[in-house]
Amino acid sequence: MQGREQSFLSHIAKVLGRDKPLTSAPNRDEVGPPVFWKEQKFDINQPLAFFKTNLENLTGKVYIARDDQDAGQQIRVWLEELEAKRVIMWDHEELKQIVHLEDTNVKLDYWSKDRSQEDLIIAAEQADVGITWVDYAIGYTGTLALFSSPTQGRSVSLLPTVHIAVFRKDNLVPTMSTVMENLMERRSTQNVPAAIDFITGPSRTSDIEMDLSIGVHGPVKVWTIIIDQSGNVQHHDGMREELPLEKDGVLYT
Amino acid sequence: MSHKPTLHLRDRARKAIKDEPMRKAVQKAVDRLSGNREKAQIELPSWDDWREQGKRIRKHTVDHLDYYLGQLSESVRNKGGHIHFAQTAEEARRVIIDICKKNNGKLVAKSKSMVTEEIHLNPALEKEGMEVIETDLAEYILQLAGETPSHIIVPAIHKNRYQIAELFSKVAGKKIEPDTPALTAFARQTLRQKFMQADIGITGCNFAIADTGAISLVTNEGNARLTASLPKVLISVMGMERVLPTFDDLEVILSLLPRHATGQKLTSYISVVNAPRKENEKDGAEEFHLVIVDNGRSRLLADEEFRQALHCTRCGACFNVCPVYRQIGGHAYGSVYGGPIGAVITPFLEDDFDFWGELSYATTLCAACSSVCSVKIPLHDLLIKIRRKRIELGFTHPLERVGFNMWRRFFKLPGRYKFAMKMASIGQIPLVKDGYIRSGPPPLSGWTNSRYLPAAAKKTFREIWQEKYK
Amino acid sequence: MKASIFITCICDSMFPRVGEAMVRVLERQGVSLDFPPGQTCCGQPALSSGYWDDAREVAKGFIDSFHASEIIVTPAGSCLAAIKEFYPVLFEKDPKYLDRSKELIRKTHEFSEFLVEVLQVTNVNASFPYKVTYHSSCHPRRFLGVDKYVYALLKNVEKLDFIPLAHEEQCCGFGGTFSVKMPEISESMVNAKVADILATGADVVVGTDLSCLMNIDGRLRKQGAKVRVMHIAELLDEGMRT
């Protein structure tokens, strides 16, 4: 209701000492993190080392795979370990090349465009494991940044008991700054995802007598596979196209 | 619809102090949270630079709130969302009820939101025949117990496992063991079903991003993600100051908030919800409503001295170091927002400096709160200013006024001051024994009930100085 | 070196012995002291309670009484902290007194800060063979940063056995009128402080602020505890005289 908005904003303008609400962007000296944060340089291996340490401290697992095959194999090993019967996975090109469960007893559902919402949600709810790719992995905090899309359902990393995330070393960035920059760029092409989930470890709470409990509403385990080899699949749908620049053993974000 | 306590602050505090189990639980919680914050401080380089940056960003945003809310509104509408502006709690409730009714809402899933507490939303929805379920574990416990939060980060800290087990067992219709895994498993199972059935999801909003129209939710449990992903309709309620200009700024707040609240680098989930869902997506809300609430915040905004209280990130660090909070717990404050920040904002939100202004006496002005605030709000300074405001508005005891009047007359001139000191040292004689006054009439009894008061010295320092050193 | 004494009303009327101890310690370091007789009170009680008009009047007299002093030393950290925090706000609409208060702030030092920063002394040649714990008063800690000075001074006292206090920085519950306005909360807070002190097994608890020390002492005495409560000036003075 325009009328209510106008009077609401006019009231605010008035108490701030203005005749009417400001409509042009006010000047800002600095935006975002302190300068030293954005300009810091990381050694090429630091983001990976940070990521591993951080996620493992939060009870997560990190497996560094030599190549796609090794990654695929590790997933099968984990699924067996978890005694998983049902798995739901993003309908993601690279994942589909890596994850092969045809010769197992595991039922694999894809979060695909052709399936109904009801089917997909039920499949995710009943799945023991949800497998996703990762748009960005953030070293500094051990975080997975997942962007939603028609083939990348939020539910896949949320409803199943275990979340397995797969990505390449190329997807790893040192800090959240890179992700935020990407989101701000996407703004200009109206391409900001409908959901960006920053996931740092499993679901937890200390609400009961400050006693830590892992796995409240979200996944109880977050296991990741990092493939130490560049992929040969073209990214589309506006997902990450540029790789971070490496130069002289230093990673520039 | 004000839920004003019947007892005054002192009586509420007295009651709370007698609750030994509650105090032990609170002290354990705040010591743990504070300790974790201190560890985080060691880990993050240039902690103070981050706080300074956070302060700058919040100040800029609040000082130009008309612009940023206007931009937020446009951003939300441009992507197919709905935005509603509510001046009062009543308006906010009505807007939300209308949305729920229009969508034939039967079951509402809620994730933790202080502002929905503030506007007393749940009872209003229930009155309309809707089932409302709190999904944050602590809020769920409180809902079952019929109680309000006692801390903004760990709301049910005053409840022990046995009390929680009793509540859950009643719901389950069978005994649930009073141990954390069993209690958590029960909550997970029960609430998961509700998530799947809910037709409306209601969340709060940690910070909205003005140039995009997205909201961010900072949680550990996953319930906010579920609330924002599964039900068809999503309503997010936000205090009007909870906005940031751009994603870059969000990174700063995300670097401060979790570390100050619990010592975590990041909470398990930072959900940037840019609802409604995009075409062909199969989860995420299909309809998005952002309800922006004033409810007295513009009174804070209008006062240049107090405007900075709106910078608050709701990290709770001030609660965790407050020496008064650790003795009386959250409920004694009697207000939706307790602790140091609550004592500052409540008189403005409730437009009542008489009753709610009392909260400014629940402090020794030790400034521990100011020293840890994630965005450097000088809370102790604001508390003293509330006392001053109360006096300006005429809300203090006439005897106190007279008292300070006399104090002024006697203390402004050295001659009169010396006279007053002499009178006190003579007047106290009947009460003094072995250099101490052990009991005295009110208000002195406030002291002497628990402490000895040293007697005024026979000779003041200046008298000694005159004799010995002149 | 010459310095003026800002005694504070609480030290003047109730703990003159602390003032005397301070005088002895400073004179031993070669400081020549004077006492501006016009001083009364800095106004903190009225200031904290919100009676700023009353506080302002008393503060003016106070500021003027130190007009001629070049450097000022005080045994009460919280009074100086109040002056530092609030005089500029109290006089923000009065340019004359705003300047004078800034001047006053510039030239006034808390006792332990005076020793360590101004006189550059951390060792006063004291010996104090007791177990000692330290209560860090809120305002001196947060607004004057005195902890480091106290630690530096205690470290050099011979035979002193320092035991850290749990929750050292937690407020003792005095808070001026708070102690009589909210006596139950105040009592609860001082109980917690005293429990921590007794848990250290210390013979002495030392501090920089007399209002805190009076509060803590009052509670200890009522409980019949044996722990001595001393101002840092008293401790150093006693230690120097043995």
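Order of the sequence lines fixes the chain letters, A, B, ..., with proteins taken first and strands second; residue numbering starts at 1 for each chain. Please read these numbers as outputs of a predicted model, since none were measured by experiment.
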Contact leader toward chain C among Ala368(B), Ser371(B), Ala13(B), where contacts are heavy-atom pairs under 4.5 Å: Ala368(B)

Is the shortest side-chain heavy-atom distance between Asp12(C) and Trp465(B) below 4.5 Å? no

Side chain, backbone, both or neither: which part of Ser186(C) has a heavy atom under 4.5 Å from chain B? both

One option among Arg401(B), Lys389(B), Lys458(B), Glu400(B) has the most heavy-atom pairs under 4.5 Å with chain C, and it is Glu400(B)

Arg142(C) and Ser370(B): side chain to side chain contact (heavy atoms under 4.5 Å, CB included), yes or no, with the steps? CA-CA 10 Å; Arg142(C) 298 198 171 101; Ser370(B) 308; over 6 Å; no

Determine, stepwise, if the pair Met189(C) / Thr364(B) fulfils side chain to side chain contact (heavy atoms under 4.5 Å, CB included). CA-CA 10 Å; Met189(C) 289 164 75; Thr364(B) 55; 4.0 Å; yes

Atom group of Val23(C) that falls short of 4.5 Å from chain B, counting heavy atoms: side chain

Distance (rounded to the nearest 0.5 Å) between Arg408(B) CZ and Cys41(C) SG: 13.5 Å

Among Arg23(B), Arg326(B), Met421(B), residue most engaged with chain C (heavy-atom pairs, under 4.5 Å): Arg326(B)

Part of Tyr436(B) lying under 4.5 Å from any heavy atom of chain C: side chain

If one checks every heavy atom of Ile7(C) against chain B at 4.5 Å, the contacting part turns out to be side chain

Please look at Leu383(B) and chain C and tell me whether the side chain, the backbone, both or neither of the residue comes under 4.5 angstrom of a heavy atom of that chain. neither

Side-chain heavy atoms of Tyr51(C) within contact of Asn405(B), under 4.5 Å: no

With heavy-atom distances below 4.5 Å as the criterion, would you say the side chains of Ser188(C) and Ile17(B) are in contact? yes

We want to know whether Tyr417(B) and Gln39(C) form a side-chain donor-acceptor pair, criterion being a heavy-atom distance below 3.5 angstrom. no

Is the ring centre of Phe174(C) less than 6.0 Å from the ring centre of Trp447(B)? yes

Between Gly50(C), Gly175(C), Cys11(C), the one whose heavy-atom pairs under 4.5 Å with chain B are most numerous: Gly50(C)

For Arg10(B) and Pro183(C), work out which heavy atoms get closest and say how close. NH2-CG, 3.4 Å

What heavy-atom pair brings Met214(C) and Leu453(B) nearest, and what distance separates the two atoms? SD-CD1, 4.4 Å

Over all heavy atoms of both residues, which pair between Arg219(C) and Ser450(B) is shortest? Give the atoms and the distance, please. NH1-O, 2.7 Å

If I measure from the heavy atoms of chain C, does Arg390(B) come under 4.5 Å with its side chain, its backbone, both, or neither? neither

Spacing of OG belonging to Ser34(B) relative to NE2 belonging to His167(C), to within rounding of 0.5 Å: 9.0 Å

Which residue out of Met14(C), Glu187(C), Lys181(C), Gln223(C) racks up the most heavy-atom pairs below 4.5 Å with chain B? Lys181(C)

Do you know which of Ala81(C), Gly176(C), Gly61(C), Pro45(C) has the most heavy-atom pairs with chain B at a distance under 4.5 angstrom? Pro45(C)

Which atom pair, heavy atoms only, marks the closest approach of Leu9(B) to Met182(C)? CD2-CE, 3.6 Å

Donor-acceptor contact below 3.5 Å, side chain His139(C) vs main chain Leu365(B): yes

State the NE2-SG distance between His380(B) and Cys138(C), to the nearest 0.5 angstrom. 11.0 Å

Within this structure, what is the CD-CZ distance for the pair Gln466(B) and Phe35(C), rounded to the nearest 0.5 Å? 8.5 Å

Asp54(C) (side chain) donor-acceptor with Trp407(B) (main chain) under 3.5 angstrom: no

May I have the step-by-step check of side chain to side chain contact (heavy atoms under 4.5 Å, CB included) for Phe404(B) and Asp53(C), ending in yes or no? CA-CA 10 Å; Phe404(B) 276 102; Asp53(C) 289 334; over 6 Å; no

Which portion of Ser445(B) sits near chain C, non-hydrogen atoms under 4.5 angstrom: neither

So, the part of Lys459(B) with a heavy atom under 4.5 Å from chain C: the answer is backbone

Audit row: Ile384(B), Phe86(C), side chain to side chain contact (heavy atoms under 4.5 Å, CB included) steps and yes/no: CA-CA 10 Å; Ile384(B) 236 190; Phe86(C) 290 107; 3.6 Å; yes

Taking everything shown except Phe395(B) itself, do over 12 heavy atoms lie less than 6.0 Å from its CZ? yes

Strictly under 6.0 Å, is that where the ring centroids of Phe15(C) and Phe461(B) end up? no

Using a distance-only test with no angle check, is there a side-chain donor-acceptor pair under 3.5 angstrom linking Ser48(C) and Arg387(B)? no

Inter-residue atom distance Gln327(B).CD - Ile185(C).CD1, 0.5 Å rounding: 9.0 Å

Chain C contact via Ile391(B) - which portion, at a heavy-atom distance below 4.5 Å: side chain

Chain B contacts, top residue of Val18(C), Asn191(C), Ile10(C), Asp34(C) (heavy-atom pairs, under 4.5 Å): Asp34(C)

For Cys172(C), which atoms come within 4.5 Å of any heavy atom of chain B: side chain, backbone, both, or neither? neither

Residue Asp31(B) versus chain C: region with a heavy atom under 4.5 Å: side chain

Would Arg451(B) and Ser179(C) count as having a side-chain donor-acceptor pair, cut-off 3.5 Å? no

So, Glu184(C) and Lys18(B), do they make that salt bridge, N to O below 4.0 Å? no

Counting only non-hydrogen atoms closer than 4.5 Å, does Glu20(C) touch chain B with its backbone (N, CA, C, O), its side chain (CB onward), both, or neither? both

Which one, Glu169(C), Arg141(C), Lys222(C), leads in non-hydrogen pairs under 4.5 Å with chain B? Lys222(C)

Cut-off 4.5 Å, heavy atoms of chain B, and the answer for Ala192(C) is side chain

Tyr452(B) and Asp217(C): side-chain donor and acceptor closer than 3.5 Å? no

Relative to chain C, which segment of Glu463(B) carries a heavy atom at a distance below 4.5 Å: side chain, backbone, both, or neither? neither

Considering all heavy atoms, the nearest Phe143(C)-Ala367(B) contact: CZ-CB, 3.5 Å

Closest non-hydrogen atom pair, Pro37(C) against Pro414(B): O-CB, 3.8 Å

Ser360(B) versus chain C, the contacting section by heavy-atom distance below 4.5 Å: neither

Go through the steps to decide whether Arg409(B) and Glu57(C) satisfy the test salt bridge (Lys or Arg N to Asp or Glu O under 4.0 Å), and finish with yes or no. CA-CA 9 Å; Arg409(B) 284 172 203 280; Glu57(C) 269 202 57; over 6 Å; no

Check each atom of Ile5(C) against the heavy atoms of chain B and say whether the ones under 4.5 Å are side chain, backbone, both or neither. side chain

Exam field: side chain Thr40(C) to backbone Phe411(B), donor-acceptor pair closer than 3.5 Å: yes

